[in-house]
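Below: the structure, in structure tokens.
Excluded from the calculations below are hydrogen atoms, water molecules and symmetry mates; all remaining heavy atoms, backbone and side chain alike, are included.
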Amino acid sequence: MKRLEVLFVLIAFTTAAFAQPTGAQAGKTIEGFWQDSARRILYSRDAPPAYLYGTWNALDPQQTYPAAKQIRRSGRSFELIDLLFDDEYTIKVVSAREDGIEFVRSTQSPACGMRHQCRLDGDELFCSLQNICREGGRDVLDWRGEERYVRRALCERDGKRQAQGIPVICR
């Protein structure tokens, strides 16, 4: 009887060891809720001549209008929900993998598209952004910057659309 008990315990420990999350399952994936934590502007065509580019600015984690995103698996790829924006904006995932995603958030008026190229960087999601607008039949760089995101347990919309976007609460 003791041999059977020992065998059962060994099988239980072996099964538990193999069931431990690794790699993408252990938080090394883009899946989840993300809230912006820092931002820096690298170029803005509307900036005053003396503007100092490149300085990282920390963002308040309790801000009312965070650039919060939910990334979730959809079949063999991923989908992204930009919680700050409603259906006046179109989100198109260009490419995605376990450790990165590229997507464009666009509007019809003005005819602009904000391209995000994001990748996991340790525990953060690091994104390079470019806003390209169509003017006079040509593409014009309007803004370029970088953002850092931290993983959150949950982010959800908290109200109706305002001028700044949709209020979001992250925990």
Side-chain angles (χ1 to χ4, degrees), residues 18-44 53-54 56-135 138-159 161 164-171:
F18 283 110
Q20 292 299 312
T22 59
Q25 298 169 340
K28 301 298 181 194
T29 176
I30 59 172
E31 288 182 87
F33 293 96
W34 297 93
Q35 180 182 357
D36 54 341
S37 61
R39 175 179 300 127
R40 68 177 172 178
I41 297 173
L42 301 175
Y43 169 78
S44 176
Y53 291 105
W56 280 103
N57 296 299
L59 302 171
D60 180 0
Q62 302 305 315
Q63 63 182 308
T64 305
Y65 298 97
K69 294 162 179 36
Q70 179 184 12
I71 303 172
R72 60 186 177 201
R73 186 167 296 282
S74 177
R76 297 180 69 168
S77 189
F78 294 88
E79 67 179 350
L80 183 133
I81 300 166
D82 206 330
L83 296 168
L84 181 62
F85 300 99
D86 59 15
D87 58 2
E88 289 184 18
Y89 293 82
T90 304
I91 304 287
K92 179 183 179 202
V93 174
V94 177
S95 67
R97 56 192 186 285
E98 291 290 328
D99 64 348
I101 189 167
E102 182 176 343
F103 67 96
V104 178
R105 181 184 63 240
S106 57
T107 61
Q108 293 298 318
S109 180
C112 296
M114 181 70 81
R115 178 173 293 274
H116 297 69
Q117 294 176 309
C118 306
R119 62 177 167 72
L120 287 177
D121 185 16
D123 293 333
E124 296 182 325
L125 187 67
F126 175 83
C127 298
S128 297
L129 293 82
Q130 282 194 123
N131 193 44
I132 306 290
C133 296
R134 191 88 179 146
E135 294 179 2
R138 62 187 184 98
D139 290 340
V140 177
L141 177 63
D142 179 60
W143 185 92
R144 184 173 47 237
E146 296 174 334
E147 293 179 337
R148 292 184 188 146
Y149 290 79
V150 294
R151 190 180 297 275
R152 300 303 294 263
L154 175 69
C155 294
E156 56 190 348
R157 291 180 171 150
D158 184 41
R161 183 175 189 263
Q164 308 93 315
I166 301 171
V168 176
I169 294 176
C170 291
R171 298 171 187 61

Fill in the blank from the handout: CD1 of I132 to CG of L141, rounded to nearest 0.5 Å, is 4.5 Å

Practice task
State whether the number of non-hydrogen atoms from other residues, nucleotides or ligands found under 6.0 Å of Q164 atom CD is greater than 12.
Solution key: yes

Handout entry: Contact check, side chains of M114 and W143, non-hydrogen atoms, under 4.5 Å
Key = yes

Practice task
State, with a plain yes or no, whether a side-chain heavy atom of P167 is found less than 4.5 Å away from one of Y65.
Solution key: yes

Problem - For the student: nearest non-hydrogen atoms of I101 and F78, plus distance - result: CD1-CB, 4.5 Å

Handout entry: D60 atom CG, over 12 foreign heavy atoms within 6.0 Å
Key = yes

Practice task
Identify the heavy atoms of G159 and I166 that sit nearest to each other, and give their distance.
Solution key: O-CG2, 3.6 Å

Handout entry: Basic-acidic side-chain contact under 4.0 Å: E102, R115
Key = yes

Problem - Approximate separation, where rounding is to 0.5 Å, of R97 CZ and I30 CD1 - result: 8.0 Å

Practice task
Could you check if a side-chain atom of K69 sits within less than 4.5 angstrom of a side-chain atom of F103, using non-hydrogen atoms only?
Solution key: yes

Problem - Spacing of T29 atom OG1 and L120 atom CG [to the nearest 0.5 Å] - result: 7.0 Å

Practice task
Mind checking the CD-CZ spacing from Q130 to R144? Nearest 0.5 Å is all I need.
Solution key: 5.5 Å

Problem - Any side-chain heavy-atom pair of W34 and R151 under 4.5 Å - result: yes

Problem - Check: P110 main-chain N/O paired with T107 side-chain donor or acceptor under 3.5 Å - result: yes

Handout entry: Approximate separation, where rounding is to 0.5 Å, of N57 CG and R39 CZ
Key = 8.5 Å

Problem - D82 and Y89, any side-chain heavy atoms less than 4.5 Å apart - result: no

Exercise for the section: Decide yes or no for V94 and Q117: does some side-chain heavy atom of the first lie under 4.5 Å from some side-chain heavy atom of the second? Expected result: no

Handout entry: From CD (E31) to CD (E98), nearest 0.5 Å
Key = 6.0 Å

Practice task
Looking only at non-hydrogen atoms, find the nearest pair between V104 and G113 and report the distance.
Solution key: CG1-CA, 4.1 Å

Handout entry: N-O pairing of D36 and R148 below 4.0 Å
Key = no

Practice task
Report yes or no: does E147 contribute a side-chain atom to a donor-acceptor pair with the main-chain N or O of L129 at less than 3.5 Å?
Solution key: no

Problem - Nearest heavy atoms of F85 and R157, plus distance in Å - result: O-NH2, 2.7 Å

Handout entry: Side chain proximity check, R161 to L84, heavy atoms < 4.5 angstrom
Key = no

Handout entry: Side-chain (R152) to main-chain (C170) donor-acceptor, under 3.5 angstrom
Key = yes

Practice task
Evaluate the side-chain proximity of E146 to W56: yes if any heavy-atom separation is below 4.5 Å, no if none is.
Solution key: yes

